[in-house]
Amino acid sequence: MRFGIEFVPNVRYYELEYYSKLAEDNGFGYVWITDHYNNRNVYAMLTLIALKTQNMRIGAGVANPYHTHPAIIASAIATVNEISGGRAVLGIAAGDRVTLERIGVKWEKPLSKIKEAVEVIKALHTGKPVNYDGDFFRMQGARLDFKAGRIPIYVGAQGPKMLKLAAEIGDGVLINASHPKDFEVARQNIEEGLKDKNKDFDVVAYASLSVDKNGEKAKDAAKIVVAFIVAGSPDIVFERHGISQEDVMRVKTALNNAFTKGDWKSVHEAVTEEMVDIFSISGTPDEVIERIEELSKVGVTQVVAGSPLGPNKAKAIKIMGREIIPG
Ligand SMILES: C[C@H](OP(=O)(O)OC[C@@H](O)[C@@H](O)[C@@H](O)Cn1c2nc(=O)[nH]c(=O)c-2cc2ccc(O)cc21)C(=O)N[C@@H](CCC(=O)N[C@@H](CCC(=O)O)C(=O)O)C(=O)O
């Protein structure tokens, strides 16, 4: 099992630098930085981490070809690859529709857009001149004037068609999920995409994780993040896990109250223990290990620890290093 960690660059750069170094010192093999226009720039942060770490693979988790042209993504991640001595990985996905529409980006045809973007990026990374005539992207003799090196491309995917596409075109897939049931379903689409392809493929559980010696404290710390995941999840996931629409609505209403009236306590009350179990990997080190073992049984090959990591971030990273990530 590989272990990664996700950071959202909504903190000062020196905090991100500290936590990334701490993660490397505690055995994490991958660090993934999210990409939203309103946060610090993903490539600038990846460069900072490249300069401050030695071994961890460092990735955009995830870029999108809506607010950034794939030629720029190709160049930017290749630059990080050069700076890091060949440690870059690229995560790419359709982007967060609400965030993109806030900056007037027309968000349509995500499957075709991702397929074309990955084709363009791969072509540019060969170093040869690229001619490409797609529905979204056109290239006439485009070429990077520096060596990109071999950069694995992972696709962020939740839905069946995107999961299949990820397996067809990618080196791995980043799935925002924490429960084995979701990976059992995803695996069918992945296997369909992998058919007659002879390649290593990294199935990544890009999960909300919260660990502490005190399991209840850990689960409680996960509740706000879980509330956002619940609010953004499709009905098919609630049906799969038997979560009632009433419970979902209670969370959405509570989140709304939190934003309008600052009442975050009601969010904690609306998020059930069951939701924490389904939408996060939370609890004591033993409980986290148990879930990781369950995920491994359904084909997960990398667990990425996403927010909140624990009631205390630094302590949680050290607990992961000491008690969860094998020596
Ligand atoms: C678009 C959506 O794809 P999805 O992969 O299921 O979900 C989208 C999310 O993965 C996407 O929003 C990601 O960008 C979210 N995301 C992040 N989004 C960000 O903006 N920034 C991040 O840093 C980020 C990190 C991240 C990490 C892991 C991860 O899994 C996702 C992450 C979907 O609806 N897929 C359907 C296909 C929809 C479809 O058929 N579309 C047709 C027609 C649609 C039309 O007519 O417009 C088509 O594309 O041609 C499916 O897979 O079945």
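Nothing fancy with the numbering, it's 1 onward along the sequence. Just so you know, ligand 1 is whichever comes first in the structure, and atom 1 is the first atom listed for that ligand.
Residue-ligand proximity: Trp32 is placed with every non-hydrogen atom at 4.0 Å or more from ligand 1. Residue contact annotation: Asn176 has a non-hydrogen atom under 4.0 Å from ligand 1.
Per-residue contacts place Ser112 under 4.0 angstrom from the following atoms of ligand 1 (heavy atoms of the residue considered): 50 (O). When each atom of ligand 1 is checked for a heavy atom of Ala94 under 4.0 Å away, the hits are 14 (O). Atoms of ligand 1 lying under 4.0 Å from at least one heavy atom of Gly159, given by number and element, are 4 (P), 6 (O), 51 (C), 52 (O), 53 (O). Within ligand 1, counting atoms from 1 as listed, the ones closer than 4.0 Å to a heavy atom of Trp107 are 1 (C). For ligand 1, the atoms closer than 4.0 angstrom to any heavy atom of Leu174 are 29 (C), 30 (O). Distances below 4.0 Å separate heavy atoms of Thr34 from the following atoms of ligand 1: 23 (O). Atoms of ligand 1 lying under 4.0 Å from any heavy atom of Pro160, numbered from 1 in the order shown and given with element: 51 (C), 52 (O), 53 (O). In the vicinity of Lys161, heavy-atom distances shorter than 4.0 Å reach the ligand 1 atoms 40 (O), 51 (C), 52 (O), 53 (O).
At a distance under 4.0 Å, no protein heavy atom can be found next to atom 38 (C) of ligand 1. Counting only heavy atoms, the protein gets under 4.0 Å from atom 13 (C) of ligand 1. Protein heavy atoms come within 4.0 Å of atom 24 (C) of ligand 1. The nearest protein heavy atom to atom 5 (O) of ligand 1 is closer than 4.0 Å. Put simply, atom 33 (C) of ligand 1 has no protein non-hydrogen atoms near it, under 4.0 Å away.
For the pair Lys113 and Tyr66, the distance from NZ or CZ to the six-membered ring centre is under 6.0 Å and the angle to the ring normal is within 45 degrees. Phe136 does not carry Lys109 over the face of its six-membered ring by the limits of under 6.0 Å from the centre and within 45° of the normal.
Of the residues Lys223, Lys219, Arg291, the one that meets the salt bridge (charged side-chain N to carboxylate O under 4.0 Å, His left out) test with Asp277 is Arg291. Of the candidates Lys313, Lys318, Lys315, Lys315 is the only one forming a salt bridge (charged side-chain N to carboxylate O under 4.0 Å, His left out) with Asp212.
Between Asp247 and Arg250 there is a salt bridge, since at least one side-chain N of the basic residue sits less than 4.0 Å from a carboxylate O of the acidic one. A salt bridge does not link Lys195 with Glu191: every distance from a Lys NZ or Arg NE/NH1/NH2 to an Asp or Glu carboxylate oxygen is 4.0 Å or more. Checked for salt-bridge contact, Lys265 and Glu269 meet the test: a charged N lies under 4.0 Å from a carboxylate O. Glu101 has a carboxylate O that lies under 4.0 Å from a charged side-chain N of Arg97, or vice versa, which qualifies the two as a salt bridge.
If you look at Lys113 next to ligand 1, there are no close heavy atoms at all, none under 4.0 Å. In Tyr154, neither the side chain nor the backbone holds a heavy atom less than 4.0 Å from any atom of ligand 1.
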### Message
Determine whether Asp202 and Thr301 satisfy the following criterion, side-chain hydrogen bond (donor to acceptor under 3.5 Å, both in side chains), listing intermediate values before the conclusion.
### Response
CA-CA 6 Å; Asp202 201 2; Thr301 50; 2.5 Å; yes

### Task
For Phe7 and Trp32, run ring-ring contact (aromatic ring centres under 6.0 Å, His included): C-alpha distance rounded to whole Å, both residues' side-chain angles, the deciding distance at 0.1 Å, then the answer.
CA-CA 6 Å; Phe7 293 118; Trp32 299 92; over 10 Å; no

### Task
Show your reasoning for whether side chain to side chain contact (heavy atoms under 4.5 Å, CB included) applies to Val155 and Val62.
CA-CA 8 Å; Val155 176; Val62 291; over 6 Å; no

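In terms of protein heavy-atom proximity, atom 42 (C) of ligand 1 is nearest to Leu111 CD1, 4.2 Å. Here the protein heavy atom with the shortest distance to atom 27 (C) of ligand 1 is Tyr206 CE2, 3.5 Å. Protein heavy atom in closest approach to atom 52 (O) of ligand 1: Met162 N, 2.8 Å. Closest to atom 18 (N) of ligand 1, if we only count protein heavy atoms, is Asp96 N, 3.7 Å. Scanning the protein for heavy atoms near atom 19 (C) of ligand 1, the closest one is His36 NE2, 3.4 Å. Looking from atom 45 (C) of ligand 1 to the surrounding protein, the closest heavy atom is Lys109 N, 3.8 Å. Protein heavy atom at the shortest distance from atom 9 (C) of ligand 1 is Gln158 NE2, 3.9 Å. Taking atom 16 (N) of ligand 1 as the reference point, the nearest protein heavy-atom neighbour is Val62 CG2, 3.8 Å.
Between the side chains of Gln140 and Asp133, not a single donor N or O lies within less than 3.5 Å of an accepting N or O. Checked by atom type, the side-chain pair Gln302/Tyr30 shows no donor-acceptor distance below 3.5 Å.
Which of Pro110, Ala63, Ala157, Gly306 comes nearest to atom 41 (N) of ligand 1 through a heavy atom is settled by distance: it is Pro110.
The salt bridge (Lys or Arg N to Asp or Glu O under 4.0 Å) contacts involving residues 25-35 comprise Lys21-Asp25, where partners must be two or more places apart or lie in separate chains.
Grouping Ile, Leu, Val, Met, Phe, Trp and Tyr residues whose side-chain heavy atoms lie under 4.5 Å apart, directly or via other members, places Phe238 in a hydrophobic cluster with Ile224, Val225, Val226, Phe228, Ile229, Val230, Ile236, Val237, Ile243, Val248, Val251, Leu255, Phe259, Trp264, Val267, Val271, Met275, Val276, Ile278, Phe279.
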